[in-house]
Amino acid sequence: MTLPGSVLHWFRRDLRTADNRALNRAISLAKKSNLPLIPVFFLDPEYHNPTACGPLRMRFILESISALQRSLDDKCSSRLRVICARPTDVFPDLVRRWGVKHLVFEYEYAPSERARDEAVVADVEGFDVDVVREHGFTLYNPNVLLQKAKGATAPTTMSSFLSLVDDVGDPENPVEFADGRQVELTSCPDATLKDDDKDGYLLVPKLGDIGYEDCTKQTGWERFRGGEEEGIARMDEFLSREGGKVAARFAKPKTSPAAFVKRETTVLSPYLALGCVSSRVFHARLRDLEENHDVAEMPQTRLWGQLMWREHFWLLAGMVPEFHRMNGNPVCRKINWRTGDEAELRLKTWAEARTGYPWIDALMMQLKTEGFVHHLGRHSLACFLTRGDLWVSWEEGYKVFEHYLVDYDYALNSANWMWLSCSAFFSMYFRVYSPVAFAKKWDKEGAFIKHYLPVLRKLPTKYIHEPWKAPAMVQKMAGCVIGKDYPERMVDHSKASKENIAKMKENYARNEYGAERGERQHMNGESRSSESRDSGDGTSRKTKRRKTRR
DNA sequence: GGATTGTTGCAAAG
DNA sequence: CTTTGCAACAATCC
Ligand SMILES: Cc1cc2nc3c(=O)[nH]c(=O)nc-3n(C[C@H](O)[C@H](O)[C@H](O)COP(=O)(O)OP(=O)(O)OC[C@H]3O[C@@H](n4cnc5c(N)ncnc54)[C@H](O)[C@@H]3O)c2cc1C
């Protein structure tokens with residue numbers, strides 16, 4: 001049974017009904033042409049598999065699409081279809097099956113998603129399908145920013161990005177669901193719904209259905225629930241703390257990485273990463289807030305600025321090839337990270353929270369049990385793995401974060417790992433986080449450490465940051481013998497960090513980058529101008545840059 | 001071309 | 001409690 005026609009809205013990182021321009025377009029097209037709206041989400045084995053995507057993030061995604069399904073049922077009586085397949089494998093069939101006339105979706109900017117979208121668009125080309133795309137994941141259409149940018153290239157520092165934003169002005173205002181209009185759409189014929197039901201499209205699968213162990217039995221850890229309503233509620237709650245004063249005086253480096261009962265940042269990142277909350281809605285709320293309160297903080301550190309970091313990194317991620325890797329990435333310094341068995345072993349020890357440094361291991365436990373770590377906690381983890389202590393490539397850390405974080409985001413994860421490893425954006429490599437001193441600064445009493453590392457709970461506070469210093473008797477009394485109940489330190493931080501600073505110096509002196517740095521073009525599918533092709537001397541191009549000194 | 005700037009370190013010395 | 005070494009960094013702004 002094929003439908004005479006339909007409008008397909010493909011949900012990806014826009015799992016919301018509010019301020020969803022693409023969805024609004026789909027709805028108005030359906031209305032105008034009297035066709036049913038068919039919303040679809042793909043559980044794509046390329047992304048939604050237990051290797052790349054851990055159970056906490058998977059659960060968050062499933063919760064978000066469940067919430068979306070309910071919301072769409074209520075708001076426009078259009079059932080969200082959830083299809084377990086690669087979009088490129090099934091799109092032609094779906095177009096035939098539903099007689100798709102219009103395919104609508106929001107742009108994504110990461111290369112693999114871009115490639116997938118191009119493939120799908122090519123697939124449906126032969127079917128006379130009108131493909132409609134909107135920008136909505138970020139505050140700005142990247143091309144609008146690039147048009148105003150110097151030399152049409154993305155800025156690489158925050159201050160120049162901010163002046164660009166200043167030039168361009170505020171982003172477009174958020175829009176209401178269905179542009180605030182009444183929604184009465186042509187309903188989908190029962191026969192079609194029946195077919196879709198038979199194929200299992202009408203229900204959101206459970207974790208167990210798609211090859212995951214159920215992790216919902218874990219208790220005692222903070223649980224971040226997916227969904228648009230949850231995200232909006234979280235935003236509202238944060239912005240109303242002390243009548244907005246908390247948000248108004250927000251200063252990122254002053255928020256505590258050790259706060260776990262009540263978080264000191266918004267924890268909107270997972271909602272922004274999946275589009276449960278629109279960045280433009282958040283932005284508009286912050287603009288409001290700043291009009292009604294005195295805000296003294298620097299742009300970079302106040303709450304509004306956090307969204308600018310996101311915007312900044314997404315603009316770059318759409319321009320820079322191999323943004324999530326060192327090789328082939330023109331903004332990333334080439335650094336001789338450790339390789340081989342020793343690198344494997346170190347990575348494993350770090351990832352299994354067995355470094356022997358309570359602060360680092362507690363943070364890793366927080367990552368694994370909750371899928372979220374405060375920004376400065378991520379700094380500690382990332383610095384330790386890379387330039388601080390272990391000298392293991394940031395790409396390995398990236399993958400571990402991708403797996404465990406509920407807020408995993410291609411651009412933000414890449415950019416921040418490069419930042420922390422002094423591979424890009426930040427270069428003062430002698431500023432090294434100490435796993436002991438930094439812990440003492442933020443987690444003086446060790447409450448955070450004890451919460452996430454129960455084995456250390458009975459240890460006197462005096463030794464909580466450096467348990468190896470506790471006398472044997474004290475260790476025994478606390479039921480925490482070093483080398484038995486809790487591991488020996490894997491490295492001596494003061495020794496390792498000094499060696500690594502010296503190595504950094506050598507690596508910086510080589511002045512090599514992952515690729516030649518030249519003109520770049522945003523890879524967002526609108527192909528603004530004809531491609532500038534390299535003349536064919538491909539491999540011989542040096543990745544060394546002119547040195548200014550020495 | 002030279003000065004300025006850069007979200008968020010640490011430990012030791014004065 | 002402030003300054004300095006770590007080591008001279010890159011990008012941008014005039
Ligand atoms: C090694 C490392 C890896 C990271 N990986 C990710 C990731 O995969 N996904 C992710 O969302 N964030 C990542 N971050 C950035 C940052 O730590 C988180 O965005 C932030 O901690 C989320 O908490 P929040 O929502 O409470 O932030 P808030 O301080 O409340 O900020 C609000 C929003 O601003 C944006 N934002 C905040 N900090 C940054 C930043 N440094 N860079 C870019 N955007 C920012 C986020 O969208 C965030 O939700 C990473 C940071 C580091 C150091």
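Labels below follow one simple rule: chain letters A, B, ... track the order of the sequence lines, proteins then strands, and each chain is numbered from 1.
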For A/S112 and A/Y410, does a side-chain donor sit closer than 3.5 Å to a side-chain acceptor? no
Using atom P in both nucleotides, what's the gap between C/dT12 and B/dT7 to the nearest angstrom? 12 Å
Measure the acute angle between the ring planes of A/F438 and A/Y433, then classify it against the limits of 30° and 60° as parallel, tilted or perpendicular. perpendicular
With respect to the phosphate group of C/dC6, does any side-chain polar atom (N or O) of A/K498 fall under 4.0 Å of OP1 or OP2? no
Which value, in whole Å, describes the distance between the P atoms of nucleotides C/dT3 and C/dA7? 22 Å
Work out how far the C1' atom of B/dG6 is from that of C/dA8, and round it to whole angstrom. 15 Å
Starting at atom NZ of A/K505, determine the distance to atom P of C/dA10, rounded to an integer number of angstrom. 14 Å
Heavy-atom distance under 4.5 Å between the side chains of A/F426 and A/S421, does that happen here? no
Does NZ or CZ of A/R310 come closer than 6.0 Å to the centre of the six-membered ring of A/F137, within 45° of the ring's axis? yes
Per-nt protein contacts along nucleotides 7-14 of chain B (heavy atom under 4.0 Å; B base, S backbone sugar-phosphate only, - none) come out as BBBSS---
Paired with C/dT2 by Watson-Crick or G-U wobble geometry, both distances under 3.5 Å: which nucleotide is it? B/dA13
Indicate whether OP1 or OP2 belonging to C/dA10 is found under 4.0 Å from a side-chain N or O atom of A/N511. yes
Do A/Y429 and A/K505 make a side-chain contact, defined as non-hydrogen atoms from C-beta onward lying under 4.5 Å apart? yes
Which whole-number value in Å describes the distance from A/N507 CG to C/dA7 C1'? 15 Å
Using whole Å, what does the distance between atom C1' of nucleotide B/dT5 and atom CZ of A/F161 come to? 19 Å
With both distances under 3.5 Å as the test, what is the Watson-Crick or G-U wobble partner of B/dT5? C/dA10
Side chains of A/W337 and A/T386 only: does a donor on one sit below 3.5 Å from an acceptor on the other? no
Under 4.0 Å, heavy atoms only, any strand: does A/K150 hit a base, just the sugar-phosphate, or nothing? sugar-phosphate
Compute both the distance and the angle, then confirm whether A/R16 meets the cation-pi test with A/Y271: under 6.0 Å from the six-membered ring centre, within 45 degrees of the axis. no
